[in-house]
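Worksheet for the structure shown next.
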Amino acid sequence: MSLLFSIGEGIRGMGKARLAMTLSVSSMILTLLLLGSYLIFALNLNQWITDLREKVEIEVFMEPEARQTSIAQVKQALEKQPEIETVQYVSKADAAKRFEEEFGQNIYDILESNPLPPSFIVQLKEPYRSSKKIMELAAGWKNLPEVDEVVYQKMLLAALENYIRWIQLGAVAAGLFITIISISLIYNTIRLTVYARKDMIYIMRLVGATERFIKRPFLVEGLIQGLIAAVFASLIVFYGVKIVKTFIYPYITMDNRIYVGMLLFAVGIGFVSAGLSVRKYLRIV
Amino acid sequence: MSLLFSIGEGIRGMGKARLAMTLSVSSMILTLLLLGSYLIFALNLNQWITDLREKVEIEVFMEPEARQTSIAQVKQALEKQPEIETVQYVSKADAAKRFEEEFGQNIYDILESNPLPPSFIVQLKEPYRSSKKIMELAAGWKNLPEVDEVVYQKMLLAALENYIRWIQLGAVAAGLFITIISISLIYNTIRLTVYARKDMIYIMRLVGATERFIKRPFLVEGLIQGLIAAVFASLIVFYGVKIVKTFIYPYITMDNRIYVGMLLFAVGIGFVSAGLSVRKYLRIV
Amino acid sequence: MIEFYNVSLSYNGKRILNNITFRILKGEFVYLIGASGAGKSSILRMIYFDDFPDSGTVIANQFSSAKITAKEIPYVRRSLGVIFQDFKLLPDRNVFDNIAFSMRVTGVKPKEIRKKVLRMIAELGLGPKRNHLPLELSGGEQQKVAIARALVNNPFILLADEPTGNLDPVASMEILEILQRINSRGTAVLMATHNYGLIKKYPHRTMKLENGELVEQ
Amino acid sequence: MIEFYNVSLSYNGKRILNNITFRILKGEFVYLIGASGAGKSSILRMIYFDDFPDSGTVIANQFSSAKITAKEIPYVRRSLGVIFQDFKLLPDRNVFDNIAFSMRVTGVKPKEIRKKVLRMIAELGLGPKRNHLPLELSGGEQQKVAIARALVNNPFILLADEPTGNLDPVASMEILEILQRINSRGTAVLMATHNYGLIKKYPHRTMKLENGELVEQ
Ligand SMILES: Nc1ncnc2c1ncn2[C@@H]1O[C@H](COP(=O)(O)OP(=O)(O)OP(=O)(O)O)[C@@H](O)[C@H]1O
Ligand SMILES: Nc1ncnc2c1ncn2[C@@H]1O[C@H](COP(=O)(O)OP(=O)(O)OP(=O)(O)O)[C@@H](O)[C@H]1O
Ligand SMILES: [Mg+2]
Ligand SMILES: [Mg+2]
């Protein structure tokens with residue numbers, strides 16, 4: 001019952017200080033939008049990185065005149081390997097085509113026979129797409145019958161891994177930064193709304209209200225502010241994502257946990273900020 | 001004199017409402033940091049894109065058995081072209097090396113003569129690195145003596161141009177978004193600090209103060225808040241960039257105009273927000 | 001100086017003042033009495049144009065409630081001195097600055113302000129409290145600051161709303177003496193009060209509000 | 001009930017009260033008089049523990065200023081009724097809620113609160129103003145709300161700081177009658193006032209503050 005009363009008081013308080021509440025909630029919404037946008041960005045960045053790593057391929061070159069049995073054997077061996085996602089065979093004829101694309105010359109114009117070797121293009125499963133793992137696998141595959149060489153874009157992969165590390169580090173730093181800024185901004189805003197009512201808090205104390213009695217409606221208020229802000233921010237994000245998906249970038253990825261995250265974040269910060277803000281005015285002489 | 005008085009009043013007002021000012025200025029600092037970080041990010045993104053486009057190359061393939069005079073002629077023609085930054089000659093021997101790297105076979109192991117053509121690797125100046133311009137140039141170069149083919153990474157370039165367009169679009173959208181959020185957050189905060197003093201504004205009006213007289217100290221206050229926030233934010237950014245440069249990413253680019261931008265932005269928004277915020281309490285019944 | 005023509009005033013549909021007409025001449029001293037909630041403060045509020053009649057006209061210092069513009073209001077207010085019932089001191093300024101504020105508003109030179117404010121402070125015995133904030137003053141001291149602020153500008157008309165409610169009898173009489181003095185120099189005084197003892201001691205024209213009507217006594 | 005032992009109080013190094021000792025017994029009715037700034041409100045403030053003596057001890061309702069903890073203060077305050085000189089109404093609550101607030105604080109049942117608050121409102125003639133915010137009340141009406149809030153909890157001790165400063169003589173006498181009545185039911189009353197007329201009409205033990213000393217009259 002006392003809790004119910006506090007909830008009532010919290011709501012009434014918000015009603016009375018409507019302007020302050022509007023400003024405070026709208027600042028919270030803006031902050032949440034910032035945070036939400038960041039989360040969506042991070043999510044999609046992650047998706048892009050995954051897509052990019054999918055393009056990492058290993059080429060297993062056979063001897064130019066490898067026997068069909070060896071080729072079949074290698075194929076089987078590769079396909080048995082649990083780390084492998086797909087194996088694609090490139091015949092001598094396919095290789096000739098690639099040569100023409102690369103050097104602008106039909107190989108049969110130059111030579112009467114095709115000296116290019118057949119090969120396999122291998123794609124690894126997601127968790128194994130690292131230089132280290134590839135090096136390990138390549139060493140093993142080299143010993144398969146009539147395998148001449150195992151080639152992969154060592155440089156590209158290294159560059160990618162290097163970049164990805166930087167990008168991920170940057171993204172995490174940006175995330176931390178935005179989170180800290182969001183928390184501070186919301187705290188400051190709520191603190192200002194409480195500050196505007198410090199005289200009221202003093203009067204309540206004079207009339208014999210306990211700390212808890214005074215504090216509770218503010219906590220409820222912080223909680224409700226967070227709730228309202230999260231709902232609005234979620235709606236904006238929801239429709240924002242929809243619009244982006246429809247008109248601009250159809251591949252955008254979204255995760256419902258972002259909504260849940262924003263809600264918990266807003267309600268939590270609202271609650272804690274309100275609590276900390278009131279405390280300053282409760283200290284009895 | 002009256003202006004001097006307003007400045008004095010503005011400063012005194014800030015002194016009296018110290019808590020509100022601290023909260024408000026610190027929110028402004030946070031917002032400016034957000035904006036500043038974004039600007040630095042955008043600046044570096046631009047730098048990266050420029051670096052990336054530097055890697056776009058055009059290969060001009062000669063006939064495999066082109067005469068030295070033709071080669072010299074083509075070289076001269078290319079070097080005369082104003083759009084070109086660098087021209088690099090790839091001899092038949094260099095091409096053989098590339099073949100070995102690409103296919104894992106020494107070409108002399110397969111053939112007794114080298115059928116690979118000599119070529120030029122051409123890099124364009126910054127403003128000409130577009131598919132359109134390259135296509136145009138390539139068409140012209142094809143007619144030079146003994147030029148067999150002009151090849152460039154059509155796909156890569158298209159992809160790059162495509163991505164870059166998206167990334168730039170995204171960056172501009174993010175910039176707009178962050179700017180709007182920053183403006184709104186600062187406005188809300190300043191409005192709250194004015195709101196906390198609405199009774200004082202009412203009393204001033206009752207005693208016969210004109211709108212201008214009441215408004216001016218608030219404008220001065222908004223301006224000073226912006227100034228202080230910009231100075232602090234600039235210091236943080238300055239040392240932040242220094243730290244990142246030293247310990248994390250030595251290639252970071254910085255531009256002093258970012259400091260100037262933050263200052264003008266903060267002072268401007270502070271001033272305008274204060275003006276708009278006071279106005280609401282100046283409306284006479 | 002001040003004229004009310006058939007002034008009526010309602011709050012939330014409840015009529016507080018009903019067709020009130022009166023006139024206060026230059027240099028007059030008038031008491032306004034009536035029970036709590038009779039409408040005394042409301043009458044004063046309309047004179048400094050913080051409230052407007054529902055019907056009828058209020059004229060203060062040549063300005064009519066029917067025609068005055070928002071831009072003109074501050075200038076009328078400066079020509080009036082108002083002692084507010086709840087003081088309305090600026091909470092973040094000390095005694096000196098509160099009193100000086102109403103002069104600063106008019107652009108008087110700082111030296112002149114200093115001289116006059118200090119004289120006012122001395123006259124009301126607020127000397128030792130010069131640098132106190134309103135919160136650091138007793139009720140009566142706050143009231144004296146409110147009085148000082150209203151008087152410092154040498155207003156044409158003084159509106160005093162219960163100016164002795166927080167003062168002891170001696171201080172009250174001192175204030176009345178001050179009001180008498182400035183009145184004798186030509187300032188009209190309209191004072192809302194419950195202190196009939198003072199009225200008896202310093203008799204002047206007295207208007208009584210009763211059921212929204214004005215009765216001269 | 002209330003005991004002061006050698007209480008001294010200074011603000012900014014200036015001594016306001018100097019070694020004051022007195023005692024108010026259960027059911028007593030005591031006036032506290034003295035010039036503006038004599039320290040009447042300061043004495044009351046120490047009784048509800050919003051201020052503490054520099055030296056000496058204040059005991060209110062068994063609690064001593066020397067030993068009371070922050071947690072205990074709200075509970076003492078609930079056992080007192082305080083009519084503040086500047087009312088201290090909650091500006092965002094209407095008359096009913098302002099009066100009810102001091103009961104809600106103690107966790108009384110809503111029905112009980114409603115009954116008692118409405119009775120109090122009727123007794124003070126605030127009926128038509130029940131839903132007004134403080135800003136929509138006249139000075140005297142605000143004072144009555146402050147009185148009602150102090151009385152509604154049936155306090156053991158009533159501290160009344162200039163409770164009739166904004167009331168007309170009739171209303172003042174009504175308030176005094178109410179105070180007499182609750183006093184006769186056992187509530188001790190300590191009333192700071194400048195209204196010597198009332199003291200004459202309702203004579204009780206009177207303490208006078210003069211130059212920081214307390215003189216019984
Ligand atoms: N803003 C408002 N909204 C509603 N009612 C109001 C408002 N302001 C004043 N009133 C009502 O108008 C009436 C007259 O108020 P006013 O302040 O003029 O009385 P007063 O004669 O000055 O009384 P007091 O002696 O108590 O100061 C009161 O009943 C008050 O409740
Ligand atoms: N916080 C404070 N800081 C400094 N001085 C103060 C403070 N509070 C009160 N005083 C001073 O203490 C003295 C006593 O104040 P108090 O309010 O007790 O007087 P009072 O007897 O109630 O007077 P009044 O009849 O005018 O209400 C006054 O001179 C006042 O200026
Ligand atoms: Mg009044
Ligand atoms: Mg007092």
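Residue numbers start from 1 in every chain, and the chains themselves are labelled A, B, ... in the order their sequence lines are given, proteins ahead of strands.
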Per-residue contact mode, D/K129 against chain C (heavy atom under 4.5 angstrom): side chain
Can you say whether D/Y196 sits under 4.5 Å from chain C via the side chain, the backbone, both, or neither, judging by heavy atoms? side chain
In terms of heavy-atom contacts, does CG of C/N211 have more than 12 from other residues, nucleotides or ligands at under 6.0 Å? no
Pairs of heavy atoms under 4.5 Å with chain D: top-ranked of C/A171, C/P169, C/G140, C/S41: C/P169
Take atom CZ of D/R114 as the centre, draw a 6.0 Å sphere, and report whether it contains more than 12 heavy atoms from other residues, nucleotides or ligands. no
When the 4.5 angstrom heavy-atom criterion is applied to C/K14 and chain D, the contacting part is side chain
Tell me if the CZ atom of D/F63 is crowded by more than 12 foreign heavy atoms within 6.0 Å. yes
Can you check whether C/H132 reaches D/N12 side chain to side chain, under 4.5 Å on heavy atoms? yes
Shortest non-hydrogen pair, C/S138 vs D/S36, comes out as OG-C, 4.2 Å
With no hydrogens and no angle check, just 3.5 Å: does a side-chain donor-acceptor pair link C/N166 and D/E162? no
Kindly compute the distance separating CG (C/D86) from CG (D/D86), expressed to the nearest 0.5 Å. 10.5 Å
Tell me if the CZ atom of C/R205 is crowded by more than 12 foreign heavy atoms within 6.0 Å. yes
